[in-house]
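Worksheet: the structure to be examined is printed underneath.
Index from 1, following the sequence.
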Amino acid sequence: QSQVMESGGGSVQAGGSLTLSCQFSGPSFDRYSLAWFRQAPGVEREGIAMVDFTGTTKYAEFVKGRFTASRNNDKNTLSLQMSNLKPEDTGMYYCACRGFLRVDDRRPIDPTEFFTWGHGTQVTVSS
């Protein structure tokens with residue numbers, strides 16, 4: 001049974017940087033696709049970045065150029081480097097995984113396609 005756990009959230013001023021980490025536990029990490037999502041109060045959960053089991057990466061338009069997702073198959077981790085943070089980036093950030101799910105550039109990163117979720121880590125960006 002796979003599990004994921006997030007770490008690295010915190011408070012930062014606008015323009016600052018944070019790096020989140022997602023630790024995967026379970027067998028066959030290289031068969032899993034992982035993604036980052038976020039959710040602000042009163043807003044639906046939205047996909048931010050995904051790295052599939054082939055290593056293909058996809059980003060939501062609103063984070064391109066500011067966020068970088070990287071997976072490490074030796075350490076079973078997925079990181080999210082966030083720079084030039086904005087107050088609207090505030091929210092609970094979640095990591096999720098699913099086996100053998102490919103990036104699809106024709107549609108957004110969809111939370112309903114992921115089966116295993118972490119508990120989240122809070123990111124707060126002040127102006």
Side-chain angles (χ1 to χ4, degrees):
Q1 179 102 13
S2 60
Q3 291 182 324
V4 291
M5 184 169 65
E6 308 91 343
S7 63
S11 297
V12 65
Q13 288 193 323
S17 301
L18 276 176
T19 297
L20 306 183
S21 184
C22 173
Q23 181 68 57
F24 173 97
S25 58
S28 305
F29 176 72
D30 59 338
R31 300 180 184 182
Y32 282 84
S33 301
L34 294 96
W36 286 101
F37 297 84
R38 73 183 182 197
Q39 188 166 22
V43 179
E44 288 188 355
R45 193 169 295 188
E46 56 186 356
I48 299 170
M50 174 180 171
V51 184
D52 73 14
F53 65 100
T54 72
T56 302
T57 305
K58 177 184 173 69
Y59 296 96
E61 285 296 322
F62 54 84
V63 301
K64 279 186 178 179
R66 300 191 298 126
F67 290 12
T68 302
S70 304
R71 69 184 288 158
N72 185 321
N73 284 356
D74 292 329
K75 296 182 178 180
N76 289 4
T77 59
L78 174 72
S79 65
L80 184 68
Q81 294 177 284
M82 306 184 293
S83 61
N84 191 22
L85 284 160
K86 306 175 182 180
E88 52 264 41
D89 292 319
T90 294
M92 187 69 78
Y93 282 65
Y94 297 91
C95 177
C97 70
R98 175 179 166 177
F100 297 120
L101 179 66
R102 288 187 182 271
V103 161
D104 186 345
D105 286 327
R106 297 169 296 178
R107 51 202 182 87
I109 303 165
D110 185 351
T112 66
E113 294 185 329
F114 287 81
F115 301 152
T116 302
W117 292 82
H119 294 296
T121 186
Q122 177 68 34
V123 172
T124 303
V125 184
S126 57
S127 57

Search all heavy atoms of Val12 against all heavy atoms of Leu85 and return the closest pair with its distance. CG1-CD1, 3.6 Å
Linked, directly or transitively: Leu20 and Val63 (ILVMFWY side chains, under 4.5 Å): yes
CD (Glu88) and OG (Ser127) are apart, to the nearest 0.5 Å, by 10.0 Å
Shortest non-hydrogen separation from Gln122 to Thr90 and the atoms involved: NE2-CG2, 4.0 Å
Less than 6.0 angstrom from the centroid, inside 45 degrees of the normal: does Arg71 satisfy that with respect to the ring of Phe29? yes
Nearest-0.5 Å distance, CG of residue Asn84 to CZ of residue Phe67: 9.0 Å
Heavy-atom closest contact (Trp117 atom, Pro111 atom, distance): CZ2-O, 3.4 Å
Just grab all the side-chain hydrogen bond (donor to acceptor under 3.5 Å, both in side chains) pairs involving residues 95-104, residues at least two apart or on different chains. Asp104-Arg106, Asp104-Arg107
Pairs involving residues 9-22, ordered by first then second residue, that meet side-chain hydrogen bond (donor to acceptor under 3.5 Å, both in side chains) (sequence neighbours left out): none
Nearest heavy atoms of Tyr93 and Arg38, plus distance in Å: OH-NH1, 3.1 Å
Testing the basics here: between Phe114 and Ala35, what is the closest heavy-atom pair and its distance to 0.1 Å? CZ-CB, 3.6 Å
For the residue pair Leu101 and Met50, what are the closest heavy atoms and their distance? O-CE, 3.5 Å
